[in-house]
Structures are given as structure tokens and as C-alpha cells.
K.L.:
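What follows is a single structure, and I will ask about it in a moment.
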Amino acid sequence: MKLVQTMIKPFKLDEVKEALVELGIQGMTVTEVKGFGRQKGHKETYRGAEYQIDFVPKVKIELVIPDDMEQRVIETIVRAARSGSIGDGKIFVSELKTALRIRTGEIGDGAL
Amino acid sequence: MKQILCFFAWSAVVVASVFCGVADGWAQDGLPGAIDTGDTAWILVSSAFVLCMVLPGLALFYGGLVRSKNVLGTIMHTGSILCLISLVWVLVGYSLAFGTDVGGLIGGLEFLGLMGVGEEVYPGTGIPHLVFMVFQLMFAAITVALITGSFAERMKFTALLLFAVLWSVCIYSPLAHWVWGGGWLGEMGALDFAGGAVVHISSGFGALVCAMVLGQRKGHGVEPMPPHNLPMTVLGTGLLWFGWFGFNAGSALGANGGAASAFVATHIAACAGGIGWMVAEWMRSGKPTVLGLASGVIAGLATITPGAGFLGPLSALLLGLLAGALCYGAVVWKTKLGYDDSLDVVGIHGVGGFTGIVATGLLASVGGQTGLLFGNPGQLWIQLVLGVASIVFVMVGTYIILKIVDVVVGLRVTPEEESVGLDLSQHNERAYS
């Protein structure tokens, strides 16, 4: 199993979710987060005073998938989340030791 | 014990009767006149309009500009001042401002506790004395509340209450007397239709001293402190604008042509102020902002206040545009000077109020008054005296009051309380959960 964490532009959330559901993903966890990458922050102006806002709002999606879906999931996220401009986000994939469905006690791919 | 209480009660009755007698005599000596129902209705409504400027208008305007951890503390400043200063005004403030003149400097004590302020007509108007008193009460309340923007997010609540009472009694009442209550500035012929000096210069320059004495907020200039809810500020702007019609047009003290003229000048200056600020900001920083438009509207309103009943429509338009651009410049300049007038009371009310006082000396043309450009050069000089005297009196007085409050209770919250925020540290509640 793999844990996929992806940080995307908030307005791309719906597109990414639709695409992943179409692919057969059963569930995901979404969090509103702030951070910066190479995009850095942006400037805001209030009554002539400029503020450098370092942390940009993003949406983080976490999903756990069977190993054989890794490539398709990554391709789907990239296709749906890309706007082409700076700040489109990142995808991180890591090995996952186990998964368990609390209601039934199923373990592994069956728990997803 | 019971005897002592009886004695006090009896003394109070005697003192009250004396005050009543004196005040009744004064009222009967005034110009004879009958109550005008139209005038009375308009000033009653205007008084409620000005209340709406304080709460919720100013509370929302300021509340939206602070960080979310301080929004209740900021609203509490305005709300508690409204309640407290209303009582102070009833007990002593009104008498000091509008009691019989003593040496051009202060009003007599005959109206303490509103003794003798009743339903009889107020001299020179068609409204009951009580209506005049309550209309002025709202002005007293909003003036102190305006100052709170300069020390937002860091003033200790007990210090705020003590400061408000001392400032209202020692600064607001005397200044209102000088200009409106038969004092020396009014006698000189100084023109301040609805409070450019009494309300806006006094709150604006009082605010400047507060910002300097209290010092910057922790992290000022280092970490961003953006407004937490600009729609709230815009809502407050709209309520202030609405209430300002009572503030300015009500200052005609009647439902008449003067009120109509002030009403129209007020609206024109508000709109021109918004456009003036927006364009100046657009040219300088590349984007017009919502906060800029709202700030410009308030700048235009503050600036037209002293001349609302004396300026024609085109003069109001010109003054409004100038006010918007000038106050924007002042606020930008403040950022460079580095003092932390957190919500820009100085840049908007101080600069706007002084500009309006001087402009009235230049542009007055209606309401039986004329300024320099309409053939009366002397008026400009009188207006300058009014502006400068108000600034000096307010700044010195505010400084002394702050020092006293600092010694008695301490002005600022602790650094820890400041970083937690006023909502939790001063009031044990939070606005958003």
C-alpha cells in the first residue's frame, strides 16, 4: 500500500476529487493547509502598508491506495491539478505499513 | 448609621432643589419660543442616528480592522465607552459643557445630574432642552470611542475606563464649551458646524498622544497584522455614513433648510472622499482596495463635519476629494514615521478634522457665513486659531491624563496578555469558536 499526500491549489480540489473518484478511489481526507514552496508568498496592502504573506493557502489531500494503482493515481492528480502556473503544488508518495477498517477489523487492501 | 443616611438623603434633596431653581430661572431668562414639533422630531431621530454611529457602526468598523483575537476587546472599548460616558455626561459632562459660561472657559454646575434640564424650549431653538442634551450626549460618547482605534489591541480595560472618564470630563466638556457652549472660541466667531474641532481634531490628536505614550504593539512592523474581517469594517462604514446624516444635518438643530444643506454636503463629501482615496491609492500602489474606499468615505465625512452647514455642494465635492487623497497620504506617511496609531485615527480624524476647520475658513458661503474665498479673510484666521488651540489643548491634556492613568492602574496589558489577545485576557471569551 502507498500513502499519497498531495498539496494542490484550493480551487482545483473539486476537479481532483472527481477525477480520483472516476478512477475508483474509495475515500480521501482533505485538509486546508498553509505553506510555501518556490512560489513563496504574496503581498497584501492595507491602507498603504504592504505585508509579505509567507504562507500560501493550499489544500492537502491524503489517500491510501493499493500498490498497483500508484502510477494511475499520480497521473490523474497531475492532470486534474495542473494549471501551468507557479504554485500548482506537490505529490509525495510513501510506503504504508498497514491499514485497518475499525468496524470490521479487515486489514490491508481490503480495508481501503 | 440610619441617621447618617437620612442626613445624606436630605442634603441631596436640598442641593437638588437649589439646582432646579437656578436652572429654571436660567431657562426662563432665555429667548422665548415655542416647541416646534418638526424640529423636535428630527433632532430626536438624529440623536438615535448618532447612537447608531457608535454602536454598532464604529464597533464594527474598528472590530473588523483588528486581528480576530482582539475583536471583542475592540467592540467592548466602544460599547463600554458609550454606556459609561452617557452616564458621565448626565451627571457632570453636560453641565461643564453647556452650563452658564464661567470666564469663557467652562460651563457652570447648575445642570449637574440634569437638574433643571426639562421639557422647556432650549434657547435659540424649537426643541426641548432634554432633546438638545441627549443629542449632545451622543457626540460626547462617540468622540471618546473614536480615540480607542489608536491604542487598539494593547490597552488594559481598567485603564480604558479611567482614561475615558477623565478625558471626557477634562478635555471633551471644556472644548465643547469653548466652541459651542458660549466659551471663548465660539465668542471669537469660530465656525464648527458639527464637530470638526470638538469631535475630530480632539479625538484625532488625542489619539496621536495615546499612540506615542502607549508605544507600538508587540511585533508591529515585523509580523503582519492584517484586518481580520473587512466585510465587517464595510458594514460599519455604512452605518457610520448613515448615522452621519443625523450627526451633521441634526447639528442644524432643526428640520430646516440648513439641515438640508448639511445633509447634501455630507453625502457629497463622503462620496468624493471615497473616490479621492481610491484614486490616490490606485495611482500609488497599483490596486484600488475596499478598505481604501471605506477609509476615504470616513475621511470625507470627518472633513466635511465642521463645514457641513456652511459649504455649498461644489465646495463639498472639492473638499471631499482633497480629504480622501490627503488622509491617504497621512496614513502612508505614518507607516514611515513608525508610530503605531493602529486603526489610523490620526490620519483620518485628526488630519480630516483640521483640514475641514481650515477649509471652512476658506470656502464658507452658505448659512449666513463666508470664508476667505467669498470675501471674508478674517474667518480663515479665526479657524486657524480654533484648529491650533484645540490641538494644543487636547495634546497636552491627553498626555497628562495618560500619565495619571499609568500611575494609578497601568496603561498596557502584559506582553503575555497581548499575545493571547484582549478577548481572552481581558474578557474571558472568544469571538469565533
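Numbers restart at 1 for each chain; the letters A, B, ... are given by sequence-line order, proteins then strands. Note that these values count all heavy atoms, side chains included, but never hydrogens, waters or copies made by symmetry.
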K.L.:
Any side chain to side chain donor-acceptor pair (under 3.5 Å) pairs touching residues 18-30 of chain A, not counting sequence neighbours?
P.N.:
none
K.L.:
Check the surroundings of atom CD1 in A:Ile102: do more than 12 heavy atoms from other residues, nucleotides or ligands lie under 6.0 Å from it?
P.N.:
no
K.L.:
What donor-acceptor contacts under 3.5 Å connect chain A and chain B, backbone and side chains included?
P.N.:
unit_1, atom_1, unit_2, atom_2, d
A:Arg47, NE, B:Ser295, OG, 2.8
A:Arg47, NH1, B:Leu343, O, 3.0
A:Arg47, NH1, B:Asp344, OD2, 3.2
A:Arg47, NH2, B:Ser295, OG, 3.2

K.L.:
Residues in ring pair (Phe, Tyr, Trp, His ring centres under 6.0 Å) with B:Phe242, at least two apart?
P.N.:
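Applying ring pair (Phe, Tyr, Trp, His ring centres under 6.0 Å) to B:Phe242 gives B:Phe49.
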K.L.:
Heavy-atom distance under 4.5 Å to chain A: side chain of B:Leu293, backbone, both or neither?
P.N.:
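Contact with chain A is absent: no heavy atom of B:Leu293 under 4.5 Å.
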K.L.:
In chain order, what residues pass the salt bridge (Lys or Arg N to Asp or Glu O under 4.0 Å) check against A:Glu75, with sequence neighbours excluded?
P.N.:
none
